[in-house]
Amino acid sequence: PGRARRPARIRSRRKRQVNSEKGKSDMKRIGFFGAGKMAEGILSAIAARKRVVMAEKSAERAQYLKDKYGVAVTADVKEVAQKCDLIFLAVRPQDVESVAVEVKKLLRSGQTLVSIVAGRRLGWLRRQFGSKVRLVRVMPNLALRSGAGMCAICGAAKTPAEDVAAVEAILGGAGETVILKERDFDAVTALAGSGPAYFAYMASAMAEGGMKLGLKKDVALLLAGQTMYGTAKFLRESGMDLGRFIDGVCTKGGTTAAGMVKMDVPQFKRIVADTLAAAARRSEELA
């Protein structure tokens with residue numbers, strides 16, 4: 001009683017672990033165009049790192065990745081295109097076209113290109129990288145870096161289901177995954193992609209409120225951050241309905257109820273909805 005069922009397309013942690021272990025022996029050679037923080041988050045979820053090649057022009061960054069993860073790093077995206085079967089496109093949106101110019105002629109049938117670039121749709125990616133490569137689009141968020149990410153996944157029309165499953169298995173090692181239609185990606189970008197900044201802003205506002213009540217800054221930040229983390233952890237693990245959880249904390253005449261009087265107003269939810277709408281519009285514009 002009280003548990004909310006997860007959508008059928010969200011992979012459970014147990015299933016991810018089973019499939020991940022099963023696939024270790026036949027994992028494809030994995031490459032990265034780009035080796036920034038988001039790429040590193042994905043890398044941390046890959047068990048067979050000796051089969052990974054990353055393209056990174058910064059010598060300092062390349063050495064860091066070699067030392068920490070034991071992966072091969074090259075300054076040439078062409079080398080990744082030639083050596084790898086499944087490649088993550090993890091560069092800035094403004095750099096995608098220049099990468100495509102370098103690698104398009106080298107990409108071959110059977111290769112899978114996985115884009116984590118915000119706002120770049122599958123049709124646009126197809127025009128940039130050609131008809132041979134299989135395409136998968138992913139909208140991740142920054143929590144990948146702590147193993148608690150949220151990734152939405154969409155395969156192109158002609159991308160085999162097993163390719164999408166392979167991507168899902170990799171990303172499942174860094175959090176939760178959900179298979180969606182591409183039309184949902186602007187909303188996913190607004191809620192999950194941009195969401196970490198919004199939650200951090202809320203935690204900052206709560207910490208500032210605590211400081212105004214006399215708490216020291218470090219104490220207020222600890223209380224706000226841990227409270228947010230603990231609440232999210234409990235809700236994910238218990239599956240409890242959000243409304244039921246709120247009602248359980250807000251005992252009649254208690255301190256939480258006194259605070260909710262200020263928060264539970266139409267203006268608050270409207271601000272949140274407007275925030276997500278603005279982010280979704282920008283995602284659509286970038287496409």
Side-chain angles (χ1 to χ4, degrees), residues 6-7 10-21 23-24 30 32 34-49 52 54 56 58 61-62 64-71 73 88-92 114-118 137-153 166-180 185 188-207 217-240 242 245 276 279:
R6 293 181 180 182
I10 297 180
R11 288 169 62 89
S12 69
R13 189 171 300 278
R14 181 177 179 276
K15 183 180 284 188
R16 286 201 311 272
Q17 289 173 339
V18 170
N19 288 350
S20 178
E21 291 299 318
K24 279 181 182 178
I30 298 173
F32 287 82
K37 295 297 184 182
M38 200 70 80
E40 185 179 354
I42 297 171
L43 175 63
S44 66
I46 298 173
R49 292 175 190 157
V52 173
M54 307 187 82
E56 172 56 56
S58 166
R61 177 72 176 165
Y64 162 80
L65 292 166
K66 290 176 184 177
D67 292 343
K68 183 170 183 178
Y69 299 101
V71 296
V73 185
F88 284 93
L89 177 64
V91 298
R92 298 175 301 175
V114 186
S115 172
I116 67 168
V117 180
R137 185 180 172 192
V138 173
M139 183 63 240
N141 69 13
L142 202 60
L144 273 174
R145 293 166 58 185
S146 63
M150 181 70 245
C151 293
I153 304 171
V167 174
E168 193 178 15
I170 292 169
L171 297 176
E176 298 286 350
T177 61
V178 60
I179 304 296
L180 294 174
F185 267 52
V188 170
T189 299
L191 180 56
S194 301
Y198 305 149
F199 284 117
Y201 188 82
M202 180 65 180
S204 176
M206 291 181 68
K217 183 178 180 179
D218 58 341
V219 174
L221 288 170
L222 174 63
L223 290 169
Q226 183 63 24
T227 299
M228 182 171 285
Y229 169 76
T231 302
K233 188 172 186 294
F234 172 79
L235 288 171
R236 289 294 298 129
E237 292 178 353
S238 69
M240 182 178 286
L242 296 178
F245 175 80
L276 297 185

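Glu40 and Arg61 are joined by a salt bridge, as a carboxylate oxygen and a charged side-chain nitrogen come within less than 4.0 angstrom of each other.
Atom CD of residue Glu176 and atom CG of residue Leu171 lie 12.0 Å apart, to the nearest 0.5 angstrom. Here the NZ atom belonging to Lys68 is positioned 8.0 Å from the OG atom belonging to Ser44, to the nearest 0.5 angstrom. How far CD1 of Ile42 is from CZ of Arg145: 12.5 Å, rounded to the nearest 0.5 Å. Expressed to the nearest 0.5 Å, how far CE of Met150 lies from CZ of Arg236 amounts to 7.5 Å.
For the pair Leu180 and Ala152, the tightest heavy-atom approach, listed with the atom from each and the gap, is CD1-CB, 4.0 Å. Across all their heavy atoms, Asn141 and Met38 have their closest contact at O-SD, 3.5 Å. In terms of heavy atoms, Ala39 sits closest to Ala90 at CB-CB, 4.0 Å. Shown here for Leu43 and Val71, the closest heavy-atom pair between the two residues is CD1-CG1, 3.7 Å. When all heavy atoms of Thr177 and Gly172 are compared, the pair lying nearest together is CG2-N, 3.8 Å. Taking each heavy atom of Ala279 and Ser194 in turn, the nearest pair found is CB-OG, 4.2 Å.
Side chain of Thr189 to backbone of Phe185: a donor-acceptor contact under 3.5 angstrom is found.
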Run Tyr198 and Leu191 through side chain to side chain contact (heavy atoms under 4.5 Å, CB included) and show every step you take.
CA-CA 9 Å; Tyr198 305 149; Leu191 180 56; over 6 Å; no
Please test Ile116 against Met139 for side chain to side chain contact (heavy atoms under 4.5 Å, CB included), starting from the C-alpha separation and ending with a verdict.
CA-CA 6 Å; Ile116 67 168; Met139 183 63 240; over 6 Å; no
Val178 vs Ile153, side chain to side chain contact (heavy atoms under 4.5 Å, CB included): CA-CA, chis, key distance, verdict:
CA-CA 6 Å; Val178 60; Ile153 304 171; over 6 Å; no
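Between Phe88 and Phe32, the angle of the ring planes stays under 30°, which puts this pair in the parallel group of the 30/60° scheme.
For Met206, the CE atom counts as loosely surrounded, since its 6.0 Å shell holds 12 or fewer non-hydrogen atoms of other residues, nucleotides or ligands. Around atom NZ of Lys66, more than 12 heavy atoms belonging to other residues, nucleotides or ligands sit under 6.0 Å away.
You'll find the side chain of Phe245 reaches within 4.5 Å of the side chain of Thr231, heavy atoms only. When side chains are defined from C-beta on, Glu168 does not count as touching Ile170, because their heavy atoms never get closer than 4.5 Å.
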